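To start, the structure itself, in structure tokens.
In this text the structure is predicted, and so the values were computed from the model without any measurement. A note on names: the letters A, B, ... follow the listed sequences, proteins ahead of strands, and every chain is numbered from 1.
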Amino acid sequence: MSIKVTKRSKDYSRWYTDVVQKAELADYGPVKGTMVIRPYGYAIWENIRNIADRMFKETGHVNAYFPLLIPESFMKKEAEHVEGFAPECAVVTHGGGKKLDEPLYIRPTSETIIWSMYKKWINSYRDLPLLINQWANVVRWEMRTRLFLRTTEFLWQEGHTAHSSYEEAEAEARKMIEIYRQIAEDYMAMPVYVGKKTDAEKFAGAVYTYTIEAMMGDKKALQSGTSHNLGQNFAKAFDVTFLSRENKQEYVYATSWGISTRLVGGVIMTHGDDKGLILPPQIAPYHLVIVPIWRTAEQKKQLMEEVAKITHQFNKEDVRYIIDDNEQTSPGWKFNQWEMKGVPLRMEIGPKDLENNQVVLVRRDTGEKQFIPTENLFSVITGLLEEIQNSLFQRALEFRDRNTHEVDNYADFKKIIESGGFVKAFWAGDGQMEAMIQEQTGATIRCIPFKQDQQGTCFYTGKPSGTIAIFAKSY
RNA sequence: CGGGGCAUAGCGCAGCCCGGUUAGCGCGCCUGCUUUGGGAGCAGGAAGUCGCAGGUUCAAAUCCUGCUGCCCCGACCA
């Protein structure tokens, strides 16, 4: 096995695949496009999941679980939805050794089965809002798959809410995309543009789709979370009505929103370098790896006693640490290995340090090495973790902004897209023009950012416009 | 679904053109000793239906046909 990963500059996709495998995040499953999420990769996902779950609950949502198998007839009820999803669905045709009367779809998303249940549960405005989330796996038969970014089966969270007014549903959809922004920026240190999708890019069956879009290390965009205002589309398809305060039957208003294991891919490609993964402390399985360095068994014993004393002052929740006292591998090996795995901080402690009552701390993000007196280690470490978290975000933000270019004509647009990066430009075109641009350049409108406060001229049509759009090639 | 590549020990590869000893190499793995502050050294050892199925031949990892899987690049997608 080659020990190092392919350099990012040499082949970005190979670099990505190498990191995923060498950092032991995931491995290929036996069925095409499937992925085994290994313990270390799963631990990252669990951290993201716990953060999200807490935020959902803080905003009044509750968890539930709906079945994996969906009757074919359900899938066909919402016209746009069928059209969008049917081609990428896995369908079960046999069960118990017999052909089924009605084929069963393995959920590509759960709107249909959930709304079939909401029909039973919602009678009056008093039953609303209904704010349910589920953590689940879904299957989409993708043509081209990549570990974490696009796999046939993936883990995600899907929120499905029901409301008594359009305004309330709209507010919910916006609230959730804001929560996604916080997860991405405040926890994953991954800066995102927040905005609305164009009709071409929106979810099949949605009125509006909101999105967070991040820039990866190769300057391509990653759609990292979406929130949909579904209007009354699914309520109509599944005939879900409620009796309003005014005693009138009305269709229920809906939202749905999701983030997935794709985020793990996002964090890899936002922060990683040629040594491997770099994890923001907030989602890192371990904040700190402690590598004792000894020559003799006696030294090891002393060091381990000192390490026990040091870690005793750590609060496990504030400093998640792991002690690597494996005797089979050398310190050098350990350094490289844990750098591959992106642990934010490394502590080295050897006989020399023992004498001087100090340890060596090394930052993964900058490689900076410093000697720290053993007393007050805890506060130094928590301080450094915070600093790493912030500086990773700043670094990613600067990278994104440096590679986001404003253009006012199509010729410049093409140049930017070709050389890589986001284009930020005034836009007054329509769906056909959007499709034409995609055909000619490969770029799509990633989103129309919420923040709009300027007037200008559309780079494509030359018409006056008050709308800035973000264009990029995407994953 | 189109284009390209690959399939030989756990991993990465050589051998294939030009068929012919017992199929090699590196890493990893096992045992022992020495080591340990940036991917340790020596000695010994285990491990392979050469992706699958046919065919050609006295003889196939090697030639022919078919199939399957995976990776990469493009059209669709979280």
Ring centre gap for His160(A) and Phe234(A) strictly below 6.0 Å
no
Of the options U36(B), A78(B), G38(B), whose atoms approach the side-chain atoms of Pro331(A) most closely?
U36(B)
With sugar-phosphate meaning primed atoms plus P, OP1 and OP2, does Val138(A) contact a base, only sugar-phosphate, or nothing at under 4.0 Å between heavy atoms?
nothing
Regarding Gln223(A), tell me which of base, sugar-phosphate or nothing describes its non-hydrogen contacts under 4.0 Å with the strands shown.
sugar-phosphate
When we call it a touch if two heavy atoms are under 4.0 Å apart, what does Leu222(A) touch: a base, just sugar-phosphate, or nothing?
nothing
Minimum-distance nucleotide (side-chain atoms of Ile293(A) versus G39(B), A78(B), G37(B))
G37(B)
Nearest to side-chain heavy atoms of Thr17(A), which nucleotide of G38(B), A78(B), C72(B)
C72(B)
Judged by modelled atom types alone, do Gln438(A) and Thr444(A) share a side-chain donor-acceptor pair under 3.5 Å?
no
Classify the nucleic acid contact of Lys334(A) as base, sugar-phosphate or nothing, counting any heavy atom under 4.0 Å across all strands shown.
nothing
Tell me: CD of Glu327(A) to P of U34(B), nearest whole Å?
13 Å
Integer angstrom distance from the P of G12(B) to that of A7(B):
11 Å
Which word best sums up how the rings of His61(A) and Phe56(A) line up, parallel for under 30°, tilted for 30 to 60°, or perpendicular for over 60°?
perpendicular
Candidate nucleotides U36(B), C70(B), G38(B), ranked by approach to the side chain of Tyr28(A) - the nearest:
C70(B)
Between C1(B) atom P and Glu88(A) atom CD, what is the distance in whole Å?
16 Å
Touch check for Thr296(A), heavy atoms < 4.0 angstrom, all strands: base, sugar-phosphate only, or nothing?
nothing
Before we go on, tell me: are the rings of Tyr210(A) and Phe450(A) under 6.0 Å apart, centre to centre?
yes
Whole angstrom value for the distance that separates C1' of G28(B) from CD of Gln328(A):
14 Å
In whole angstrom, give the distance that lies between atom NZ of Lys473(A) and atom P of C73(B).
12 Å
Rounding to an integer number of Å, can you tell me how far Glu142(A) CD sits from A78(B) P?
8 Å
Could you tell me which nucleotide pairs with C29(B) by Watson-Crick or G-U wobble geometry, both distances under 3.5 Å, or answer none if nothing does?
G45(B)
Would you tell me if any nitrogen or oxygen in the side chain of Gln438(A) comes within less than 4.0 Å of OP1 or OP2 on C76(B)?
yes
Now, which nucleotide makes the Watson-Crick or G-U wobble pair with U65(B), with each of the two distances under 3.5 Å?
A53(B)
Counting side-chain heavy atoms from CB outward, which of A75(B), C76(B), U36(B) is closest to Arg144(A)?
A75(B)
If you only use heavy atoms from C-beta on, which nucleotide in A78(B), C76(B), G37(B) is closest to the side chain of Pro351(A)?
G37(B)
Have a look at Gly350(A) and say if it touches a base, only the backbone sugar-phosphate, or nothing, with a 4.0 Å heavy-atom cut-off.
base
Given atom NZ of Lys300(A) and atom P of U35(B), what is their separation to the nearest angstrom?
16 Å
Where the side chain of Gln337(A) is defined as all heavy atoms beyond and including C-beta, which of A78(B), G39(B), G37(B) is the nearest nucleotide?
G39(B)
Non-hydrogen atoms of His287(A) and Pro281(A) that approach each other most closely:
NE2-O, 3.0 Å
Roughly how many Å apart are G24(B) and A47(B), using the C1' atom of each and rounding to a whole number?
14 Å
Taking the P atom in each of A46(B) and U31(B), what is the distance between them to the nearest angstrom?
15 Å
Per the atom types in the model, does the base of G38(B) pair as donor or acceptor with the side chain of Arg346(A) at under 3.5 Å?
yes
Taken to the nearest whole Å, CG/Leu354(A) to C1'/U36(B) is 16 Å
In terms of the angle between their ring planes, are Trp115(A) and Tyr118(A) parallel, tilted or perpendicular, with boundaries placed at 30° and 60°?
perpendicular
Rounded distance in Å between the P positions of C67(B) and G26(B)
38 Å
Closest to the Asn336(A) side chain, choosing from C76(B), A78(B), G39(B)
G39(B)
Using the six-membered ring wherever Trp is involved, compare the ring planes of Trp427(A) and Tyr460(A) and label them parallel, tilted or perpendicular (cut-offs 30° and 60°).
tilted
Same-atom distance (P) from A78(B) to G4(B), integer angstrom
30 Å
Nearest-Å distance once atom P is located in both C29(B) and C11(B)
15 Å
Sidechain N-carboxylate O distance under 4.0 Å for Glu213(A), Lys220(A)
no
Can you check the distance between A60(B) and A14(B), where both ends of the measurement are the P atom (answer in whole Å)?
24 Å
Distance from Thr311(A) atom OG1 to Glu306(A) atom CD, nearest 0.5 Å?
10.0 Å
Can you tell me if Ser330(A) touches the phosphate of A40(B), counting only side-chain N or O atoms and a distance under 4.0 Å to OP1 or OP2?
yes
Once you apply the 3.5 Å cut-off to both distances, tell me the Watson-Crick or G-U wobble partner of C17(B), or none.
none
Once you apply the 3.5 Å cut-off to both distances, tell me the Watson-Crick or G-U wobble partner of C1(B), or none.
G74(B)
Using atom P in both nucleotides, what's the gap between C1(B) and G39(B) to the nearest angstrom?
49 Å
So does Ser260(A) reach the base of A78(B) with its side chain, donor to acceptor, closer than 3.5 Å?
yes
Pairing nucleotide - A40(B), Watson-Crick or G-U, each distance under 3.5 Å:
U34(B)
When you match Ser474(A) and Gly332(A) each to their closest nucleotide on RNA chain B, which lands nearer the 5' end?
Gly332(A)
May I have the distance from Trp294(A) (atom CH2) to U35(B) (atom P), rounded to whole angstrom?
15 Å
Think Ser13(A) has a side-chain N or O under 4.0 angstrom from the OP1 or OP2 of C73(B)?
yes
